[in-house]
Undergrad: 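For reference, the structure I am asking about is given below.
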Number of protein chains: 4
Amino acid sequence: MTTREKIYESAVVLIAEHGYAATTIDEIAAKAEVAKGTVYYNFGSKEELFRQLLGYGVDLLTSRMTEVSKGLKGTAALDAIFTEVLQRASKTPAFMQLLFTEMYRTGRAWQDTLLFVRENVLGVIRNVIAEGKESGEFDPSVDPETASAAAMGALAIAILDWLAYHPSTPVDELHKSVSQLLLRGLVG
Amino acid sequence: MTTREKIYESAVVLIAEHGYAATTIDEIAAKAEVAKGTVYYNFGSKEELFRQLLGYGVDLLTSRMTEVSKGLKGTAALDAIFTEVLQRASKTPAFMQLLFTEMYRTGRAWQDTLLFVRENVLGVIRNVIAEGKESGEFDPSVDPETASAAAMGALAIAILDWLAYHPSTPVDELHKSVSQLLLRGLVG
Amino acid sequence: MTTREKIYESAVVLIAEHGYAATTIDEIAAKAEVAKGTVYYNFGSKEELFRQLLGYGVDLLTSRMTEVSKGLKGTAALDAIFTEVLQRASKTPAFMQLLFTEMYRTGRAWQDTLLFVRENVLGVIRNVIAEGKESGEFDPSVDPETASAAAMGALAIAILDWLAYHPSTPVDELHKSVSQLLLRGLVG
Amino acid sequence: MTTREKIYESAVVLIAEHGYAATTIDEIAAKAEVAKGTVYYNFGSKEELFRQLLGYGVDLLTSRMTEVSKGLKGTAALDAIFTEVLQRASKTPAFMQLLFTEMYRTGRAWQDTLLFVRENVLGVIRNVIAEGKESGEFDPSVDPETASAAAMGALAIAILDWLAYHPSTPVDELHKSVSQLLLRGLVG
DNA sequence: TATGAATGAGCTTTCATTCAT
DNA sequence: TATGAATGAAAGCTCATTCAT
């Protein structure tokens, strides 16, 4: 593992746990087992480290989401996306946690970075929902804009809650529950 | 407005925008137009201010959620709860934003406070879903634990996204979209 | 002495000795017997402290120079100015040292502040020389622009050299030497 | 240009602009287009680089000053020296600037180096003035010690002011103004 | 009840220096 | 001879907290 990767990994985990503002470069360096200066040598600043970290993770996530849903439509596409997101959350829970706890900060500083993040993450789902609606598989009264945010939120908070309070439950059950809720609704 | 209230309001807004760790007592005092010492005179410490603020807001929210759903069951109860949450989000958007962005921090420091918060907010919804399931109105395969987290997440992220990126959309539309998604599903 | 004054005094002395860049806020705070935070509470930043310190000292110096030369012309005016500058150098040697060693830094950061400083200090002398030239007391071929810089430089370096290497020489001798050099020249 | 020369040139320019303390090895290496390690390979340390740079420049300057004034006395000798200093300042303005802004630092660290520098630079002028005084060309009441510092200062600051604020003025005019001022005085 | 000057621990950042290549 | 990733001491700065008024 390169120095950059060690720093990256440590930063993701710590920021996910304590948040960006509450995580110190000292902690990141200590966890990565490098000197504090090395973090700055490799990333320039705390802000830049976070920006790169968000960018990299979001790129990875959205490109995978796009890939697994390619050629699929409606229910099948959403299901593939849910599976992918859940698998990524199992493997790298810290990044998922980080993503959803920092994504709706509205202070000036991050606005453009976060807008980009949201656009990418929600965009993939919104497209699938919009297509499913046009093809007649989804209810015509569905609003893709709101529905994609709500669907993503359902998935995200279910994951965070699972990670924080029920980590022993198998991923499959989570998948089934969320899928069913979002596709068929509580009424069924 | 009393001194305490002025400080409370300012703190909610600022913490919602920048997060707990990134909000300073100086900023809170300045926004509330009181001296810094006054914040300490009234709340003792930053942590205590946040604890009281969370506690007060969550109490208010959950007691209202319980109240409006009293005597109702299943769909009707959920609908009443959604209406209430959305109304509160319209009136005090900052608190909602704060609640959902700070709720899944997993550092040691807050764990007990946040566990209490989560327990209360999710509890109300979980009970309604569990009752609806038993009464046969909701699908018997629904898992109230996961479904309540997912439902809360759908509502929460839909609200945050709305507040941050579509504040001009009427609440009613949001309500309709989220209700339909959670009750009937995308398939409808 | 107020807290601000204590910090001010300490900063002048230390910056005069080691230069702006080599003087630390820790040293200034220690010498002033206040906490480091107190320096920031009172001046905001190291740069701002230096700016205020320069501004205050230059104001004092130039207003005194203007005052003592008021109503006087040519030789008499210059002599009064030299007397005043030398007296100030005896009383507050540190500020004089600081002024002349930091005055010709040409890095971007200070350019505007230093331009202002130079304008004020040289301005007073330039006016006296220009008037003396017009009144016929000074040689008509003198260029006030260059001559004022040269005169200031002669005075400044004579003072610095005196402070650093001959502090025991009486001020009067210095005054006589510099006056004679600038008014009558080496040839006499 | 050798590696050492490239580093030397870059260091002179940057230290002249920002001062010794505010100039970093990184900047010097970048400007010289070599790696940071190369600066250390060639000069050992930042302090040693500065020492060599000062020593080399001062040697060159004083040896030229001595040479051009050899065989000359009084006015003629001084005029030759002024011409030489002005020519050097035209060619290598940065070193001149550096020399006079770092020469009167009185912190312990440099004291011996700077004393040596001052001794050499002022020494040449002091000797010429002392000789001119003995030969009767200069006023017998002139104090060579003070006069040499003042004369050097006049020349130096006139040069710095010229470099910083009137670089378009021809050297000749500067030369004439300073010569006249120092030899004949303002009264003429 | 309210104030705000003062504090100092701890933060982000810089930078001279080293060393394996 | 030259490199540049890595280091860590030390710098500038922030901010929760205290306390005399």
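The chains referred to below are lettered A, B, ... by the order of the sequence lines, with proteins before strands, and numbering in each begins at 1.
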Undergrad: Is there a side-chain contact between A:N42 and the phosphate of F:dA6, meaning an N or O under 4.0 Å from OP1 or OP2?
TA: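 Affirmative; the distance criterion is met.
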Undergrad: C:E27 or C:G37: which one's nearest nucleotide on DNA chain F is closer to the 5' end?
TA: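 Nearer the 5' end of the strand: C:E27.
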Undergrad: Classify the nucleic acid contact of B:T23 as base, sugar-phosphate or nothing, counting any heavy atom under 4.0 Å across all strands shown.
TA: sugar-phosphate
Undergrad: Check this for me: A:Y165, atom OH, are more than 12 non-hydrogen atoms of other residues, nucleotides or ligands nearer than 6.0 Å?
TA: yes
Undergrad: With a 6.0 Å cut-off (strictly less than), is the heavy-atom count around NZ of B:K6, excluding the residue itself, greater than 12?
TA: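 Yes, because the 6.0 Å sphere around NZ of B:K6 holds more than 12 heavy atoms from other groups.
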Undergrad: Report the residue (B:V34 or C:T38) whose heavy-atom-nearest nucleotide on DNA chain E is the more 5′ of the two.
TA: B:V34
Undergrad: Give a yes or no on whether a salt bridge exists between A:E47 and A:R51, defined as a side-chain N under 4.0 angstrom from a carboxylate O.
TA: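 Salt bridge present between A:E47 and A:R51.
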Undergrad: Between P on F:dA16 and CD1 on B:I15, what's the gap in Å once rounded to a whole number?
TA: 10 Å
Undergrad: Report the distance from atom CD1 of B:I25 to atom P of E:dG4, rounded to the nearest whole Å.
TA: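 Spelled out: CD1 on B:I25 to P on E:dG4 is 16 Å.
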Undergrad: Does the D:K46 side chain pair with the main chain of D:Y20, one donor and one acceptor, at a distance under 3.5 Å?
TA: yes
Undergrad: Rounding to a whole Å, what distance do you find between B:F43:CZ and E:dA2:P?
TA: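 These atoms are roughly 11 Å apart.
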Undergrad: Side-chain N or O of A:T3 versus OP1/OP2 of F:dA6: is the shortest distance under 4.0 Å?
TA: yes
Undergrad: Nearest whole angstrom, please: distance from the P of E:dT1 to the CD1 of B:I7.
TA: 12 Å
Undergrad: Can you check the A:K46 NZ to E:dC11 P distance for me, whole Å?
TA: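 After rounding, the reported distance stands at 9 Å.
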Undergrad: Less than 4.5 Å apart, side chain to side chain, heavy atoms only: is that true for A:Q52 and A:R4?
TA: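 Counting from C-beta outward, A:Q52 and A:R4 do come under 4.5 Å.
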Undergrad: Given that both pair distances must be under 3.5 Å and the pair must be Watson-Crick or G-U, what runs of three or more consecutive pairs involve DNA chain F?
TA: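 Correct response: E:2-21 with F:2-21.
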Undergrad: In whole angstrom, give the distance that lies between atom NZ of B:K6 and atom P of E:dT1.
TA: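 Spelled out: NZ on B:K6 to P on E:dT1 is 15 Å.
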Undergrad: Where the side chain of D:A35 is concerned, which of F:dG4, F:dT7, E:dT12 is the nearest nucleotide?
TA: F:dG4
Undergrad: To the nearest angstrom, how far is B:Y41 atom OH from E:dT1 atom C1'?
TA: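 Between C1' of E:dT1 and OH of B:Y41: 5 Å.
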Undergrad: Less than 4.0 angstrom between a side-chain N/O of A:Y40 and OP1 or OP2 of E:dT13, yes or no?
TA: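 Yes, A:Y40 has a side-chain N/O under 4.0 Å of OP1/OP2 on E:dT13.
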Undergrad: Any N or O donor-acceptor pair linking the side chain of D:K36 to the base of E:dT17 at under 3.5 Å?
TA: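 Check passes, donor-acceptor contact within cut-off.
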Undergrad: Are the side chains of B:I25 and B:Y40 in contact, using a 4.5 Å heavy-atom criterion?
TA: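 Result yes, sub-4.5 Å side-chain heavy-atom pair found.
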Undergrad: Take the protein atom OH of C:Y20 and the nucleotide atom P of F:dA11, then report the distance between them rounded to whole Å.
TA: 14 Å
Undergrad: Check whether any side-chain heavy atom of D:R118 sits under 4.5 Å from a side-chain heavy atom of D:L114, and report yes or no.
TA: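 The answer is no; the side chains never approach within 4.5 Å.
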Undergrad: More 5' along DNA chain E: A:S45 or D:A21, using each one's nearest nucleotide?
TA: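 Checking each residue's closest nucleotide, the 5'-ward one belongs to A:S45.
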